[in-house]
Each structure stands twice: as C-alpha cells, then as structure tokens.
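The figures here come from the full heavy-atom set of this structure, side chains too, leaving out hydrogens, waters and symmetry mates. Residues take their numbers from the sequence shown, with the count starting at 1.
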Amino acid sequence: HTDNPVARMIEKGISRIGRPLNDVNAAIENVGRLEIYKLERGLPTLATVAGGAPMIGFLGTVIGMVQAFHQMSTAGNNINVGQLSGGIYTALITTVAGLTVGIIAYFAYNTLVARVDKVINNMDSSSSLFFSLLFLLFPLCIYLFICCLASSATSTSTNRHSSCRRQSAERSTTVSC
C-alpha cells in the first residue's frame, strides 16, 4: 500500500512497464493529475475564508458605526457615551474577529500552498527520473534480448552465449539467456 502521491504515481508507471512508453507516460500523468487535485481540494475554500473574513469584519464595523450614529441622531442634545458605546463596541469586535480569522486563514493557505507546491515539484522530478531510467534501461534490455536470441539461433551457440555474458558483464548487468 502506497501512502504518498509520488509512490502512487511511480507505482502506476511500474504497473504499466511492458506497454508502449506513451501509455506509461499517460498513466503516470493521469495519476499525477488526480493526486494534485486531491492535494489542492480544500485550498479554494481556505482562500475564500482568508479573503472574505476581513470584508465581513469591515461590514460589521460599518454596521456598528451606523448604530452609533443612529444613537447620536435620536439622542438629540442629550448624547450619552453609553448610548454610543454599543455601536462602537460592535464595530471593534467585528473588526477584530474578521481580521483574526482572515490572518489565520491567510497564513494557513500560504503554508498549504507551499507544501502542495513542494509535493508537486517532487512528483515532477520523480516522474522525470523514472522515465530517464526507463529510457536508459529499455534499449539495454532490447540489446540483451537480441544478443540472447542471436546466440541461441546459431550452431555456435556456446561461443556467442559466452560473448553475450561477457558483454553484459562489461555493462555490470546480469543476463540469463
């Protein structure tokens, strides 16, 4: 069982070995897209909270100030600080609440985006390494396969078989023809 996006992506590539390289590439890209979708799934909501919370706080500030000015207008010449304080209190509390939620969501969003970007970069480099290895090993496997077929098809199979083994030993690869 694989427990990270890179491992799931490479596992899909390994499971497709033996198929055309375009099929292997398409399978890895599909898994990569699905993994990125999973990683980024809640980020738009968090970004909305980070951007919307201060605006909601500002709306509360405006409402609180409207309440305070309404109290002033209805009091006439008998303005009491107690009458104004309710609206001002509402204005300040909503400002603090909106900014607090917005700042926390903003930092959380940027932290998560940085982590997701790091995982995506790791996925890209891992898939590039996987394909580099696949492209390097594929021709070597074809060469060894042809070498072994050629050695078994002739009457002097023994000499060519040992030549095939000697050539593969020079490449630090074991061949069992």
Side-chain angles (χ1 to χ4, degrees), residues 1-139 141:
H1 178 63
T2 53
D3 62 347
N4 69 60
V6 174
R8 285 187 286 272
M9 192 176 62
I10 299 301
E11 179 183 51
K12 181 58 78 170
I14 290 171
S15 73
R16 296 290 195 258
I17 289 179
R19 295 184 181 181
L21 293 176
N22 287 337
D23 291 350
V24 176
N25 187 33
I28 288 176
E29 286 180 357
N30 288 338
V31 170
R33 277 192 293 276
L34 290 172
E35 292 298 330
I36 290 170
Y37 172 77
K38 289 177 193 176
L39 290 169
E40 294 177 337
R41 188 174 35 219
L43 291 179
T45 302
L46 192 55
T48 302
V49 169
M55 287 190 271
I56 292 171
F58 180 66
L59 177 63
T61 302
V62 172
I63 290 170
M65 294 309 292
V66 167
Q67 288 175 347
F69 281 108
H70 177 70
Q71 291 294 329
M72 283 174 51
S73 70
T74 58
N77 289 335
N78 299 327
I79 298 174
N80 182 351
V81 175
Q83 291 174 332
L84 300 177
S85 64
I88 294 170
Y89 177 76
T90 300
L92 293 174
I93 289 298
T94 56
T95 299
V96 168
L99 287 174
T100 302
V101 170
I103 289 168
I104 291 170
Y106 179 76
F107 282 117
Y109 172 80
N110 284 313
T111 300
L112 291 175
V113 165
R115 286 184 178 181
V116 167
D117 286 346
K118 185 177 178 180
V119 171
I120 290 171
N121 286 336
N122 193 11
M123 290 169 62
D124 285 342
S125 64
S126 296
S127 66
S128 294
L129 178 61
F130 177 77
F131 274 106
S132 294
L133 291 173
L134 196 59
F135 282 117
L136 287 174
L137 293 177
F138 186 73
C141 291

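- Side-chain contact between M123 and I36 is present, with heavy atoms from C-beta onward closer than 4.5 Å.
- The CG atom of N80 lies 10.0 Å from the CD atom of Q71; values are rounded to the nearest 0.5 Å.
- Formation of a donor-acceptor pair under 3.5 Å by the N110 side chain with backbone atoms of Y106 is found in this model.
- A53 and G102 make their closest contact through CB-N, 3.6 Å (heavy atoms, listed as atom of the first residue, atom of the second, distance).
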Show me, pair by pair, the donor-acceptor contacts under 3.5 angstrom made by side chains of residues 114-122, not counting sequence neighbours?
unit_1	atom_1	unit_2	atom_2	d
N121	ND2	D117	O	3.3
N122	OD1	S126	OG	3.4

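- Considering only heavy atoms from C-beta on, L59 stays 4.5 Å or farther from T94 through its side chain.
- Here the straight-line distance linking atom CZ of F58 with atom CD1 of I63 works out to 11.0 Å at 0.5 Å rounding.
- Atom CG of L134 sits about 8.0 Å away from atom CD1 of I28, to the nearest 0.5 Å.
- Looking at heavy atoms from C-beta onward, E35 lies out of side-chain contact with M9 at the 4.5 angstrom threshold.
- Between V24 and F130, the closest side-chain pair of non-hydrogen atoms falls below 4.5 Å.
- The heavy-atom pair separating D124 from S127 by the smallest distance is O-OG, 3.0 Å.
- Nearest heavy atom pair, residue V49 against residue A105, reads CG1-CB, 3.8 Å.
- The side-chain hydrogen bond (donor to acceptor under 3.5 Å, both in side chains) analysis of residues 41-67, with sequence neighbours excluded, yields the pairs T61-T95.
- Interatomic distance, CD1 of I88 versus CZ of F69, reported as 8.0 Å (0.5 Å rounding).
- We find the NE2-CG distance between H70 and L84 to be 12.0 Å, quoted to the nearest 0.5 Å.
- Shortest non-hydrogen contact noted between P54 and L99 is CB-CD2, 4.3 Å.
- When all heavy atoms of M72 and I79 are compared, the closest pair comes out as O-CG1, 4.4 Å.
- When all heavy atoms of V96 and T100 are compared, the pair lying nearest together is O-OG1, 2.7 Å.
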